[in-house]
Amino acid sequence: MKIEKETINILAIESSCDETAAAVVQDGRTVRSNVISSQIALHTLYGGVVPEIASRKHIEKINQVIGQALEEAGARLQDMDAIAVTYGPGLVGALLVGVSEAKAISFATGIPLVGVHHISGHISANYIEHKELKPPFVCLVASGGHSHLVIVRDYGEYEIVGRTRDDAAGEAFDKVARAIGLGYPGGPKIDKLAREGNPDAIVFPRAKVAENEYDFSFSGLKSAVLNYLNGCRMKGEEICQADVAASFQKAVVDVLVEHSLHAVKAFGFDKFAIAGGVASNSALRGAFETECQKRGIAFYHPSPILCTDNAAMIGAAGYYEYLKGVRHGYDLNAVPNLQL
Ligand code: KG4
Ligand code: ZN
């Protein structure tokens, strides 16, 4: 499809989990506004995301968030060239709010509808931050639901070379945080506390998956932390939370760095990016910074606010889908287990 217009503006909507978000993105790379209404405080009361509460909050917030995104961009709805929306993967009830909203706007205005894969969005956050970045490159996507090592062949074209066999990296952070009494969401809390701890204090396992050297497994590590905590409690030994946090985090970082950079070299790339909530982890970013420099690999990472869930990343991914001619009908549905 040939696009004649010089500037393409996309209104993007994201509601796959516990963030109600809308953004206006120009030409896939320039963020004109990026509004995020987080429900974290609400879910903290329950120690994790409660799907029904998430859906209800999305319904309450979505119109306001979209209105604010347009206002902050100084844009009018009728000036948008497309409505991009996350349609999976995620919580079905949460996804449905964004999808229904996007369909309603598209139907009322005639603006084309473009469904976007949430993980494609996470990866595309890198295009916003690094205007010069173009595929192909290797990307590690580490979020609450996914740990994927992906070869980005072209815009929106992905080949998964490694994935987790059990827990996602973010899930491991959340579960360990809960076990040491830090509460939800675990990732940022462990990140902060680990700065005061000794990462070599406790030796936790670094799992290798025999059948695929690029796959991950974090459930053994999580169990090792739980066993360590139980052992201390039974022996009446004091637990140093900061040391546990730092040692656990080091084990996750070591595995993510080793598998990722091994893949970058083995598949013959010299560009590597990270994406997803865990990509905002300071120790992980630091380790990749150092190791990529040593190996002559160019390292790309979005700023922390673009790593966790947001709609700007959906606008970036949606732009490249739009250019390819992807248009969805009013039968677009939420797909909770959508594959990349
Ligand atoms: O990408 P994201 O916002 O949502 C999903 O698509 O899942 O990722 C959320 C996950 C949570 O598990 C959270 O604990 C983790 O990312 N996370 C972090 C950090 N910030 C968020 N993990 C480690 N260190 C952080 N600083
Ligand atoms: Zn996400």
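We count ligands from 1, going down the list as the structure has it; atoms in each ligand are counted the same way. Treat the numbers as computed from the prediction; the structure is a model and nothing was measured.
- The side-chain heavy atoms of Ile83 and Pro112, taken from C-beta on, include no pair separated by under 4.5 Å.
- Two residues are said to be in side-chain contact when any heavy atoms from C-beta on lie closer than 4.5 Å; Glu14 and His118 meet this criterion.
- Using a 30° and 60° split on the angle between ring planes, Tyr214 and Phe267 fall in the tilted class, from 30° to 60°.
- Ring pair Phe248/Phe173: centre-to-centre distance below 6.0 Å.
- A salt bridge links Glu291 to Arg295: at least one charged side-chain nitrogen sits closer than 4.0 Å to a carboxylate oxygen.
- In this structure Lys61 satisfies the side chain to side chain donor-acceptor pair (under 3.5 Å) test with no other residue, sequence neighbours excluded.
- Residue Ser55 comes nearest to Val97 through the heavy atom pair O-CG2, 3.8 Å, listed as atom of the first residue, atom of the second, then distance.
- Annotation: protein N, O or S atoms under 2.8 Å of the Zn ion (ligand 2) (waters excluded) comprise His118 NE2, His122 NE2, Asp309 OD1.
- Every ring-ring contact (aromatic ring centres under 6.0 Å, His included) that Phe272 has, sequence neighbours left out, goes to Phe288.
- Between Glu159 and Arg153 the shortest side-chain heavy-atom distance falls below 4.5 Å.
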Are there any protein N or O atoms under 3.5 Å from the N or O atoms of ligand 1? List them with distances, or say none.
unit_1: ligand 1; atom_1: 1 (O); unit_2: His122; atom_2: NE2; d: 3.0
unit_1: ligand 1; atom_1: 1 (O); unit_2: Gly277; atom_2: N; d: 3.0
unit_1: ligand 1; atom_1: 1 (O); unit_2: Asp309; atom_2: OD1; d: 3.3
unit_1: ligand 1; atom_1: 3 (O); unit_2: Asp309; atom_2: N; d: 3.1
unit_1: ligand 1; atom_1: 3 (O); unit_2: Asp309; atom_2: OD1; d: 3.4
unit_1: ligand 1; atom_1: 4 (O); unit_2: Asp309; atom_2: OD1; d: 3.2
unit_1: ligand 1; atom_1: 4 (O); unit_2: Asp309; atom_2: OD2; d: 3.3
unit_1: ligand 1; atom_1: 6 (O); unit_2: His118; atom_2: NE2; d: 3.1
unit_1: ligand 1; atom_1: 6 (O); unit_2: Asp309; atom_2: OD1; d: 3.4
unit_1: ligand 1; atom_1: 7 (O); unit_2: Gly144; atom_2: N; d: 2.8
unit_1: ligand 1; atom_1: 7 (O); unit_2: Gly145; atom_2: N; d: 3.4
unit_1: ligand 1; atom_1: 8 (O); unit_2: Gly144; atom_2: N; d: 3.4
unit_1: ligand 1; atom_1: 12 (O); unit_2: Gly170; atom_2: O; d: 3.1
unit_1: ligand 1; atom_1: 12 (O); unit_2: Asp174; atom_2: OD2; d: 2.7
unit_1: ligand 1; atom_1: 14 (O); unit_2: Asp174; atom_2: OD1; d: 2.7
unit_1: ligand 1; atom_1: 14 (O); unit_2: Gly187; atom_2: N; d: 3.0
unit_1: ligand 1; atom_1: 20 (N); unit_2: Gly277; atom_2: O; d: 3.4
unit_1: ligand 1; atom_1: 20 (N); unit_2: Ser280; atom_2: OG; d: 3.2
unit_1: ligand 1; atom_1: 24 (N); unit_2: Gly187; atom_2: O; d: 3.4
unit_1: ligand 1; atom_1: 24 (N); unit_2: Asn281; atom_2: ND2; d: 3.0
unit_1: ligand 1; atom_1: 26 (N); unit_2: Asp191; atom_2: OD2; d: 2.9

